[in-house]
Amino acid sequence: MDWIVGLLLLVCGGIIGFFAAKFSQKASSDTQSGLAIEQDLKRLMSEQAAIHISESRQLLATIEQQSQLLKEQLENYESLLTQTSHDPEQPQMNYFGEQAAAYLRNQSQVQRPVNQTTDYQPRDYAKAGTGLFKGTAKSSSSTGE
């Protein structure tokens with residue numbers, strides 16, 4: 001009977017040892033997989049940061065070009081204003097206003113009213129004979145007596 005108890009203790013020890021080894025191996029694999037996931041995440045974030053930096057530099061370069069162009073246009077406009085205001089003998093720009101007005105005047109076709117004579121005049125606007133708007137001396141109330 002002692003040897004059966006020893007055998008049972010050996011089997012129980014083997015089972016407990018198996019689960020303990022499995023648990024410790026799982027914990028170590030979890031930490032290793034956690035480290036691998038963390039490294040992958042750091043690598044992915046560094047790649048995204050590099051992409052973001054390159055796109056930001058491109059946008060900044062585009063904004064600088066546009067601001068330089070705007071600055072040049074503003075300086076040209078300012079130089080035009082200072083030239084015309086300080087030198088009255090220099091001919092001023094007319095911005096094609098006179099030519100445009102003449103062009104538009106020649107291009108527009110004036111619609112002239114068409115004179116139409118009709119054979120029938122409406123009663124309201126008859127020229128003679130109907131008496132509708134004719135100023136006669138008779139009043140309509142005296143005709144009934």
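- Taken from CD in Glu72 to CG in Leu74, the straight-line distance is 11.0 Å, to the nearest 0.5 Å.
- Hydrophobic clustering, with ILVMFWY side chains joined whenever heavy atoms are under 4.5 angstrom apart, groups Ile15 together with Phe18.
- Atom CG in Asp40 sits 11.0 Å away from atom CG in Leu35 (nearest 0.5 Å).
- With values rounded to the nearest 0.5 angstrom, Ile63 atom CD1 is found 9.5 Å from Ser56 atom OG.
- Between Thr82 and Ser79 the shortest heavy-atom distance is OG1-O, 3.0 Å.
- To the nearest 0.5 Å, the span separating CZ on Phe23 from NZ on Lys26 amounts to 8.0 Å.
- Just one residue in the list Arg43, Glu38, Met45 forms a side chain to side chain contact (heavy atoms under 4.5 Å, CB included) with Leu41, and that residue is Met45.
- Distance check: Lys42 NZ to Ile37 CD1 gives 13.5 Å after rounding to the nearest 0.5 Å.
- For Gln25, the CD atom counts as loosely surrounded, since its 6.0 Å shell holds 12 or fewer non-hydrogen atoms of other residues, nucleotides or ligands.
- The structure places NZ of Lys71 at 5.5 Å from CD of Glu75, a figure rounded to the nearest 0.5 Å.
- In terms of the side chain to side chain contact (heavy atoms under 4.5 Å, CB included) criterion, residue partners of Arg57 (sequence neighbours excluded) are, by chain and number, Ile53.
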Which is it for Leu44 and Gln48 under the side-chain contact (heavy atoms from CB on, under 4.5 Å) test, yes or no, and what are the steps along the way?
-> CA-CA 6 Å; Leu44 180 65; Gln48 288 179 349; 4.1 Å; yes
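- Heavy atoms of other residues, nucleotides or ligands lying less than 6.0 angstrom from CD of Glu47 number more than 12.
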